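What follows is one structure encoded as structure tokens, with my remarks underneath.
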Amino acid sequence: MQCASCYYKGPIVPHNWRELPPFEWSPPNKKCPSYEYFKFRAFSPVGRGNLASIVFDDPNFPVTDSLIKIVYTCTGCGTCSEICKAHDPWTVIWALKEYLTSRGIKLPNPLPKLFANIENCGNIFGTEKPPPVNRNIPKKGRDVLFTGCFMRFTQPNLIETIIYVLRKAGLNLAWLGDEELCCGFLPGQQGDIDKMEKQAQQNVKRLREAGASRIIVSCAHCYKALRDYYPKLIDTFPFEVVHISEIYARLIEKGKITFNKKLQKKVTYHDPCFLGRHSKLYNEPRAVIESIPAVKLEEMERRKQWAYCCGSGAKAISLCYPDFSFSISKERLLEAKEKANTVVTSCSSCVLQMRRAAAKLGVEIYVQDISEIVAEGLE
Ligand code: SF4
Ligand code: SF4
């Protein structure tokens, strides 16, 4: 249709994204992070859609470095598919990545190394020794925590915080610990569905052996993988998958989590792309934040379905295109900083991305995971 809704008023028109006030039903002026940064239509949703139709039509179409860059600088944020129900550009781009993988293209670095790490060590870091988690926790039980390898290796203290909060609320929590493997979201999102399926099979087998019936997930990427992709890849998937913010919201409502501390602070909330837009979980994290005494939630203008990406791009953008990644983070952090000195989010990737970016870019803002602000309100 080429209507241009997915990129119009991008960088070719000098503007500020606040020129028009965003409404609940209307997208903000700045939409596609890669089009904003690279400033060529090829890097817009429709540009990639056009490219997909050419590549799908011609099996001999040359896969050049430029083509790879155009396709793999899509952050997967999904804003375009929120705008365009006619073409669902993000799904088309994902299909294009899957097709290119089937043609055996060389992925941008360091993705091949990370995929090999998942295969050899069960995590993206390529080592079998993650930092210790100082909590005794059973490996078998009905409610099983799934942390994901990213949190396991970069934020062991966040795992301790989650265990502390859920135990305090009376939940008998189990965790596979070293038996838990990468969820496979990273290769899956970059088009290698077979690798995601392999991870799904191994994780599901281990979760079954652990006696799980409900899986509690904190990372937005693991949550999307387990909730929506695993059931499509595995014949029988007998688990309920819940995000940690859903659990907190339920426990607060039942009176099992009661806050005994007033937190006199103003915070803003960043919707992780794969928790918000891709999973439609907007209300629970907000309900949790607003239930903490004296916390004031100030919303950013780009929120919920129009929230801007944090720059992580399901980790692939931060690892493959760090300059591009930091430029997105900077814009998001400055937007958050206008509203509050603390930005809360619900994904270990977003937390680390925004923390690292804030330190590197010198933006003075405190980045907090939802579990951390809950724990802070408890004691
Ligand atoms: S992808 Fe959708 S929104 Fe973008 S130009 Fe095409 S029809 Fe319009
Ligand atoms: S998913 Fe995000 S980055 Fe990718 S084309 Fe759509 S709007 Fe742009």
Side-chain angles (χ1 to χ4, degrees), residues 1-13 17 22 25-56 66-100 108 185-186 188-191 220-221 224 228 270-280 302-332 335 347 349-350 353:
M1 286 157 61
Q2 312 280 349
C3 70
S5 305
C6 59
Y7 70 98
Y8 178 61
K9 275 188 178 277
I12 51 164
V13 182
W17 61 268
W25 45 268
S26 144
N29 291 335
K30 267 195 173 182
K31 305 168 174 106
C32 170
S34 60
Y35 181 55
E36 297 298 329
Y37 184 79
F38 293 101
K39 301 181 175 29
F40 282 94
R41 190 175 171 279
F43 290 84
S44 72
V46 65
R48 294 189 176 105
N50 293 158
L51 188 64
S53 55
I54 298 166
V55 174
F56 287 144
S66 300
L67 186 146
I68 296 291
K69 186 173 174 185
I70 289 165
V71 177
Y72 287 87
T73 48
C74 165
T75 69
C77 71
T79 310
C80 50
S81 289
E82 199 67 49
I83 297 164
C84 178
K85 305 296 178 196
H87 286 204
D88 189 1
W90 170 75
T91 306
V92 173
I93 297 161
W94 193 15
L96 177 57
K97 288 180 177 176
E98 195 181 348
Y99 174 71
L100 290 172
F185 181 88
L186 177 66
Q189 266 308 301
Q190 301 314 313
H221 303 147
K224 182 70 186 168
D228 292 341
H270 166 77
D271 292 273
C273 298
F274 279 89
L275 191 71
R277 244 182 321 269
H278 288 285
S279 301
K280 308 285 175 236
R302 289 182 291 184
R303 61 185 176 271
K304 297 185 175 175
Q305 75 267 43
W306 306 128
Y308 208 53
C309 176
C310 74
S312 163
K315 301 176 196 84
I317 297 299
S318 57
L319 295 165
C320 301
Y321 303 102
D323 292 346
F324 168 41
S325 163
F326 275 122
S327 84
I328 307 171
S329 305
K330 184 175 182 183
E331 178 163 333
R332 190 58 170 160
E335 187 181 354
C347 171
S349 291
C350 298
Q353 174 71 22

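Just follow the structure's listing: the first ligand is 1, and inside any ligand the first atom is 1. In this text, all values refer to a predicted model and were calculated from it rather than measured experimentally.
- Annotation: atom 2 (Fe) of ligand 1 to nearest protein heavy atom, C84 SG, 2.3 Å.
- With respect to atom 7 (S) of ligand 1, the closest heavy atom belonging to the protein is M1 CB, 3.6 Å.
- In summary, of the residues considered (Q189, Q190, H221, Q353), a side chain to side chain donor-acceptor pair (under 3.5 Å) with K315 occurs for H221 alone.
- In this structure, the side chains of C84 and P45 stay at 4.5 Å or more apart for every pair of heavy atoms.
- Closest to atom 5 (S) of ligand 1, if we only count protein heavy atoms, is A4 N, 3.2 Å.
- P89 is listed as a side-chain neighbour of S81, based on a closest heavy-atom distance under 4.5 Å.
- For the ring pair (Phe, Tyr, Trp, His ring centres under 6.0 Å) test with F43, the passing option among Y35, F38, Y321, F324 is F38; the others fail.
- Side chains of Y308 and T79 form no contact here, defined as non-hydrogen atoms less than 4.5 Å apart.
- Short contacts between ligand 2 and P33, defined as distances under 4.0 Å to a heavy atom of the residue, involve ligand atoms 3 (S).
- Applying the side-chain hydrogen bond (donor to acceptor under 3.5 Å, both in side chains) rule to pairs touching residues 66-77 yields R48-T73, sequence neighbours excluded.
- Here the heavy atom of the protein found nearest to atom 8 (Fe) of ligand 1 is C3 SG, 2.3 Å.
- Shown here are the protein N/O/S atoms lying under 2.8 Å from atom 6 (Fe) of ligand 2, water excluded: C80 SG.
- In terms of protein heavy-atom proximity, atom 6 (Fe) of ligand 1 is nearest to V46 CG2, 3.6 Å.
- Within the model, atoms CD1 of I70 and CZ of F40 stand 9.5 Å from one another, a figure rounded to the nearest 0.5 Å.
- At a threshold of 4.5 Å between non-hydrogen side-chain atoms, the residues E331 and R302 count as touching.
- Residues C347 and L275 are not in side-chain contact: their nearest non-hydrogen atoms beyond the backbone lie 4.5 Å or more apart.
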